[in-house]
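Notes follow the structure.
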Amino acid sequence: MNLGFRPELLWSDALLFLLLAVVVMFAWRSARNEHLRAPWRRVARSRLGMSAAVVLIAYACIGIVDSLHYRPALPATEGQPVQYAAEVRSLLDVLTGELRTRVEDSYSAPFSLHLYSRETVTQPDGSQARVFPRLQHAGVGLADAAAARADIVWRGLRGIALGALGGALVLIVAAFAVGRRLGGWRAGWMAIRCAPECSGLRAGLATLIGLLVLGAIAVQLVPNYHVLGTDKVGTDVFYLSLKSVRTGLLIGTLTTLVTLPLALLLGLAAGYYGGRVDDVIQYLYTTLNSIPGVLLIASAVLVAQVQIELHPELFDTAAARSDLRLVSLCLILGMTSWTGLARLLRAETLKLREMDYIQAARAFGVSRARIIGRHIVPNVAHLVLITVAIDFSGLVLAEAVLSYVGVGVDPVTASWGNMINGARLELAREPMVWWQLSAAFVFMFALVLSANLFADSVRDAFDPRAAGQG
Amino acid sequence: MLNYFIRRVLYALPILIGVNLLTFMLFFVVNTPDNMARIHLGAKYVTPEAIEKWKVEHGYDRPLLYNAGATGMSKLTDTLFVDKSLALFAFDFGAADDGRDIAREIRHRMWPSLAIALPNFLLGLVAYLSFALVMVFFRASYLDLAGVVLCVALMSVSGLFYIIGGQYLVGKLWHLVPVSGFAPGAEMLKFLLLPVLVGVIGGLGDSSRFYRTLFLEEIHKDYVRTARAKGLSERVVLFRHVLGNAMIPILTGAVVVIPRLFLGSLIVESFFGIPGLGSYTIEAIQAQDFAIVRSMVFLGSVLYIVGLLLTDLSYTLVDPRVRLE
């Protein structure tokens with residue numbers, strides 16, 4: 001059967017979906033246990049937390065859509081088996097339409113109709129002139145800058161209207177959903193508008209509507225303009241920023257797949273068993289901690305890079321190769337960053353094992369493994385959740401720094417670090433090329449800020465002692 | 001006291017041995033000298049002779065752990081492990097890939113690093129503590145809330161943004177100081193101003209928020225209530241009592257990094273063109289010079305352990321109850 005494409009599961013995709021499954025399982029468990037549901041309800045009531053959650057979900061959607069990879073079929077030749085292109089694409093490439101292929105010659109400013117630098121062009125009459133060449137894929141069918149301005153305003157207004165329409169739809173759905181238990185959508189609407197326990201929902205809905213409007217404006221403008229300009233080789237910066245979302249998210253989340261088992265296993269073992277086990281584990285993390293973080297990561301990444309370079313049989317496409325580097329980076333980050341959480345868990349377990357209910361369980365003859373699984377893990381779960389949420393933003397920021405040092409993701413992978421790194425060299429230029437840097441920083445800032453805010457509200461909800469201390 | 005220090009130094013040895021073994025595993029066992037030669041000579045199409053030649057030139061032409069070709073004790077000592085890894089304990093770092101002596105480079109380059117990192121550290125500490133104290137002084141008011149919001153926003157900005165933004169604004173737009181570069185002597189100041197400023201601002205969000213939490217934890221304790229009940233002013237309570245008692249957790253975080261100031265910051269030094277150890281390291285990473293990276297890893301962990309010792313020592317200074325026995 002020829003579908004015209006072949007699904008491609010990269011390593012990072014597989015791990016991401018594994019992680020998603022874990023999250024869904026955790027959510028399902030939380031929904032069934034009242035003692036887990038209560039703190040989440042506190043999160044849902046926090047205004048900043050809900051706004052941040054909406055932004056995070058938006059980012060996650062982009063990342064997940066970008067993780068559904070496929071390879072398109074090449075034009076078929078009679079009697080031959082179907083061949084597939086070497087280039088791996090994702091569903092995001094399909095959704096953004098022509099954006100991937102709308103490549104200009106070089107830099108162009110946001111909304112500009114012309115390249116950023118003069119080029120020598122042969123005029124129709126044979127003479128040569130230094131002009132700013134017209135872009136091939138921006139403002140198509142428009143005569144001049146004035147017409148473009150009118151077009152931009154018109155498209156922007158249309159985007160706002162469409163976004164508002166979408167927002168109204170969202171509000172109606174929300175009113176019906178809330179009103180189901182209150183008896184009718186009118187009551188639901190009133191609750192959303194005024195009820196104090198709906199403050200989080202209100203903030204979340206407002207953020208969602210804001211995002212919808214922004215998205216609708218983008219959908220209107222993107223087909224005929226480079227809304228964030230183009231980079232050195234003429235790629236649309238908006239497209240690059242969207243593609244970078246997946247890289248940032250993966251580094252922030254896949255790392256926890258490595259960190260969590262290590263930290264849980266070692267931290268709990270050190271705290272519960274004590275003695276020799278504790279000594280060995282403490283020695284392990286003190287040794288790892290004693291090496292400066294960046295240097296440890298750099299050493300491991302350098303070695304991994306050499307291994308990847310010398311073993312070309314591990315991957316069949318360029319995408320698989322850069323993906324392997326991304327996964328190995330996550331692995332390394334995880335291997336080097338479990339120490340903090342392990343230390344926390346060890347201290348907490350030391351405290352818990354002397355508690356009465358654990359002593360009682362021990363007196364009843366419950367096995368050690370069962371005590372740990374049944375009594376200790378649920379009681380340290382909030383620490384794990386809070387640490388994961390806080391570490392996420394640090395990891396997203398670390399990606400940019402590591403890419404700058406040269407031990408980050410593959411240079412061909414779209415990532416904010418690579419965008420910053422590429423634009424940095426153009427800073428000395430007059431006039432400055434600012435849009436690539438700004439786009440990377442703004443996209444990164446929005447993600448990290450919402451992650452930080454969400455982490456704060458999670459911490460306040462799960463750790464009442466710290467609540468109110470900011 | 002002396003006994004305590006001897007014991008602590010002995011405790012440190014296993015850690016250094018661990019670091020040493022780890023780097024040996026990474027750079028010699030996983031990543032064999034053959035691989036190193038292949039990378040430096042250009043991955044593909046290298047002849048075995050060229051690899052051997054590179055190894056001889058750079059002193060990697062010996063077995064890893066056991067030299068069967070040698071006689072007597074040198075069966076064990078004339079190996080890469082002894083020559084390249086154990087030698088680190090004597091601070092004998094060997095030569096970089098370009099043939100220069102690493103120890104000499106380190107001695108030269110640590111001073112520019114320190115010139116940036118030390119003022120950055122001291123000014124930063126003062127700034128963060130003051131900002132945190134101001135927030136705590138106005139706690140539970142809009143000023144406090146604004147401070148926390150500012151901290152979270154500052155925390156969420158990439159460190160690279162502060163550097164690039166600072167260079168653009170102060171260096172290029174206002175022409176106040178050179179964008180990058182370094183000069184010894186009195187001229188140094190104008191080159192130091194911007195990196196130090198950027199460094200202090202870059203850490204403001206994270207650290208001030210951390211210190212604020214520390215102070216808030218102290219402020220609900222009994223001795224603070226007693227101090228207030230005695231009629232002491234809020235200023236005295238904050239500066240003398242709260243700050244004094246929060247000193248232990250503050251020192252735990254701060255003192256341990258002091259020795260590491262010699263290593264400098266990779267990013268700041270590379271952006272500002274400071275010829276310190278940070279830019280040395282980053283150049284080594286980009287050139288895949290494993291000898292330098294290995295040396296810096298070892299040096300870093302030695303300095304960390306010195307930092308731990310200093311931390312213990314500093315406790316005795318701020319808390320009379322602590323005695324090092």
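Proteins come first, then strands; the chains are lettered A, B, ... in the order of their sequence lines, and each starts at number 1. The figures that follow rest on heavy atoms only: side chains count, while hydrogens, waters and symmetry mates do not. Please read all numbers here as calculations on a predicted model, not as lab measurements.
Taking 4.5 Å as the heavy-atom cut-off, the residues of residues 154-164 of chain B that approach chain A are B:M155, B:S156, B:V157, B:S158, B:L160, B:F161, B:I164, ordered by number. Taking non-hydrogen atoms and a 4.5 Å limit, the residue list of residues 256-264 of chain B in contact with chain A, ordered by number, reads B:R260, B:L263. Residues of residues 386-403 of chain A placed with any heavy atom under 4.5 Å of a heavy atom in chain B are listed by number as A:L397, A:A400, A:V401.
With a 4.5 Å cut-off on non-hydrogen atoms, A:V405 touches chain B through its backbone and its side chain both. Of the two parts of A:F441, only the side chain, counted from C-beta on, holds a non-hydrogen atom closer than 4.5 Å to a non-hydrogen atom of chain B. For B:F290, the part lying near chain A is the side chain, with the backbone staying farther off; criterion is any non-hydrogen pair under 4.5 Å. Contacts of A:L449 with chain B are made by both backbone and side-chain atoms, with heavy-atom separations under 4.5 Å. With a threshold of 4.5 angstrom between heavy atoms, A:L437 approaches chain B through side-chain atoms but not through N, CA, C or O. When heavy atoms are compared at a cutoff of 4.5 Å, B:L22 approaches chain A solely by way of its side chain, counted from C-beta outward. Contact of A:Y283 with chain B is made through the side chain alone, with heavy-atom distances under 4.5 Å. The part of B:Y168 that comes within reach of chain A is its side chain, from C-beta onward, which places non-hydrogen atoms under 4.5 angstrom from that chain.
Atom-to-atom distance recorded for B:I292:CD1 and A:L295:CG is 11.5 Å, nearest 0.5 angstrom. Interatomic distance, B:C151 SG to A:N452 CG, rounded to the nearest 0.5 Å: 11.0 Å.
Looking at B:Y304, its side chain never comes within 3.5 Å of a backbone N or O of A:T287 through a donor-acceptor pair. Side chain of A:Q307 to backbone of B:V30: a donor-acceptor contact under 3.5 angstrom is found.
Contact count versus chain B (heavy atoms, under 4.5 Å) is highest, among A:N289, A:L296, A:T286, A:V301, for A:N289. Comparing B:T281, B:L299, B:V297 by heavy-atom pairs within less than 4.5 Å of chain A, the highest count is held by B:V297.
Two residues are said to be in side-chain contact when any heavy atoms from C-beta on lie closer than 4.5 Å; B:T23 and A:I291 fail this criterion.
Considering all non-hydrogen atoms of both residues, A:V303 and B:L26 come closest at CG2-O, 3.6 Å. Taking all atoms of both residues into account, the shortest heavy-atom contact from B:V293 to A:S299 is CG1-OG, 3.6 Å.
For A:R47, the side-chain contact (heavy atoms from CB on, under 4.5 Å) test picks out A:S199, A:A203, with sequence neighbours left out.
For B:F89, the CZ atom sits in a packed shell: over 12 heavy atoms of surrounding residues, nucleotides or ligands are nearer than 6.0 Å.
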